[in-house]
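Values below: every heavy atom of this structure, side chains too, minus hydrogens, waters and symmetry copies.
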Amino acid sequence: MRDRKLRELLREYPRSGNYFLRHGIDPDQYADFTLEGAFRDKQLDPEVCLTNLAGYIDHYYGRDTFPEDLEQMSVPQAIDHIKIVHHHYEKELLKDLSHKIERLMDLYFFTHGGHLKKLARYLGMIKVELEIHFIDQEKRLFPAIAFSCETGVFPERVTRSVQRVKEYQSTIGGYVNELIKVTDDFAVPEGEDEYYKMMVRELEELVRDIYLHIYKENTLVFEPYEKSANK
């Protein structure tokens with residue numbers, strides 16, 4: 001890893017840019033440095049930094065999003081998987097993206113302000129909708145579904161709530177589609193700095209995770225619940 005260019009690592013692991021920023025390494029300025037070279041230039045111990053960087057990458061990218069036993073999970077197990085693998089990850093990613101867009105607005109308001117304002121608007125809508133989605137599921141719907149699966153009792157109010165959430169998913173999907181349009185399907189124009197590229201790649205990560213998250217909710221939680229409720 002030590003001889004990889006910073007630019008190459010950021011392309012593969014966009015969120016690793018945050019690790020470099022914390023160490024005073026600007027992703028644009030150091031894009032063509034090797035990792036070891038960047039750490040040495042900042043008078044940091046490359047061995048320690050490379051080890052910590054590997055742990056940082058493993059923390060964010062070592063998530064097993066499709067474990068082998070995924071389809072054999074019970075509904076309560078699938079709920080735990082979704083909360084741990086997707087809810088927590090998306091909360092952190094949304095927070096990080098909001099910070100990045102705010103910084104880019106400050107740096108490039110006069111040249112990219114219109115574009116960045118559109119990004120901020122749609123990301124803000126997605127953030128609000130997902131935060132409502134997370135709290136509603138974690139506090140109310142998921143515990144009710146898990147209890148029904150354990151007891152074999154399927155109240156009509158829970159079934160109606162499942163239907164509402166499935167309809168609600170289309171609202172989130174609409175905002176996601178607008179975000180994809182604004183970014184021109186996550187294209188990065190030539191000449192943009194590495195920080196901007198990091199932001200676009202993280203937006204793409206977020207969208208991929210949202211789609212996978214919704215797919216798992218529907219196929220691993222809601223569909224099995226509805227089948228059991230309709231028996």
Inset, instruction - Classify the side-chain pair Y30/D41 by whether it contains a donor and acceptor separated by less than 3.5 Å. - result: yes
Inset, instruction - Dump the intermediate steps for side chain to side chain donor-acceptor pair (under 3.5 Å) on K42 and H23, then the final yes or no. - result: CA-CA 8 Å; K42 285 293 184 179; H23 289 79; over 6 Å; no
Check residues 45-52 and write down every donor-acceptor pair under 3.5 Å in which the side-chain atom is one partner and the other belongs to a residue at least two apart or another chain.
{"residue": "D45", "atom": "OD1", "partner": "E47", "partner atom": "N", "Å": "2.9"}
{"residue": "D45", "atom": "OD1", "partner": "V48", "partner atom": "N", "Å": "3.4"}
{"residue": "E47", "atom": "OE1", "partner": "R2", "partner atom": "NH2", "Å": "3.0"}
{"residue": "E47", "atom": "OE2", "partner": "R2", "partner atom": "NH1", "Å": "3.0"}
{"residue": "E47", "atom": "OE2", "partner": "R2", "partner atom": "NH2", "Å": "3.0"}
{"residue": "T51", "atom": "OG1", "partner": "E47", "partner atom": "O", "Å": "2.9"}
{"residue": "N52", "atom": "ND2", "partner": "V48", "partner atom": "O", "Å": "3.4"}

Inset, instruction - Please tell me if the side chains of L119 and L104 come closer than 4.5 Å, counting only heavy atoms from C-beta onward. - result: no
Inset, instruction - Fit a plane to each ring of H213 and H86, take the angle between them on a 0 to 90° scale, and name the class: parallel (under 30°), tilted (30 to 60°) or perpendicular (over 60°). - result: parallel
Legend entry - R208 and E204 ion-paired at < 4.0 Å: yes
Legend entry - Gap between atom CD1 of I101 and atom NZ of K118 - 0.5 Å precision: 14.0 Å
Inset, instruction - For Q43, look at atom CD and say whether over 12 heavy atoms of other residues, nucleotides or ligands are found less than 6.0 Å away. - result: no
Legend entry - Within-4.5 Å side-chain heavy-atom neighbours: E131 and I135: no
Inset, instruction - Decide yes or no for I210 and L130: does some side-chain heavy atom of the first lie under 4.5 Å from some side-chain heavy atom of the second? - result: yes
Inset, instruction - Taking all non-hydrogen atoms of both residues into account, name the closest pair between G113 and M105 and its distance. - result: O-SD, 4.3 Å
Legend entry - Side-chain touch L10/R201, heavy atoms, less than 4.5 angstrom: yes
Legend entry - Ring centre gap for F33 and F39 strictly below 6.0 Å: no
Legend entry - Short N-O contact, E92 and R15, less than 4.0 angstrom: no
Inset, instruction - Working to the nearest 0.5 Å, report the span between CG of D26 and CD of E194. - result: 9.5 Å
Inset, instruction - Identify the two heavy atoms, one from L179 and one from L203, that lie closest to each other, and give their separation to 0.1 Å. - result: CD2-CD2, 3.9 Å
Inset, instruction - Mind running side chain to side chain contact (heavy atoms under 4.5 Å, CB included) on F20 and L35 for me, showing each step along the way? - result: CA-CA 10 Å; F20 295 106; L35 301 183; 3.7 Å; yes
Inset, instruction - Answer whether the closest heavy-atom distance between the side chains of V75 and L220 falls below 4.5 Å. - result: no
Inset, instruction - Would you indicate whether the side-chain heavy atoms of K166 and Q163 approach each other to under 4.5 Å? - result: yes
Inset, instruction - Report yes or no: does D184 contribute a side-chain atom to a donor-acceptor pair with the main-chain N or O of A187 at less than 3.5 Å? - result: no
Legend entry - Ionic contact status for R11 with E8, cut-off 4.0 Å: no
Inset, instruction - Answer yes or no: is there a side-chain heavy-atom contact under 4.5 Å between H133 and E217? - result: yes
Inset, instruction - Evaluate the side-chain proximity of Y168 to D136: yes if any heavy-atom separation is below 4.5 Å, no if none is. - result: no
Inset, instruction - State whether E178 and K181 are salt-bridged, where the test is any N-O pair (Lys NZ or Arg NE/NH1/NH2 against Asp/Glu carboxylate O) under 4.0 Å. - result: yes
Legend entry - Under 3.5 Å donor-acceptor, N230 side chain and E226 backbone: yes
Show me the donor-acceptor pairs within less than 3.5 Å that the side chains of residues 145-152 make with the rest of the protein, sequence neighbours left out.
{"residue": "S148", "atom": "OG", "partner": "A144", "partner atom": "O", "Å": "3.1"}
{"residue": "S148", "atom": "OG", "partner": "V153", "partner atom": "O", "Å": "2.8"}
{"residue": "T151", "atom": "OG1", "partner": "F147", "partner atom": "O", "Å": "2.9"}
{"residue": "T151", "atom": "OG1", "partner": "V153", "partner atom": "N", "Å": "3.3"}

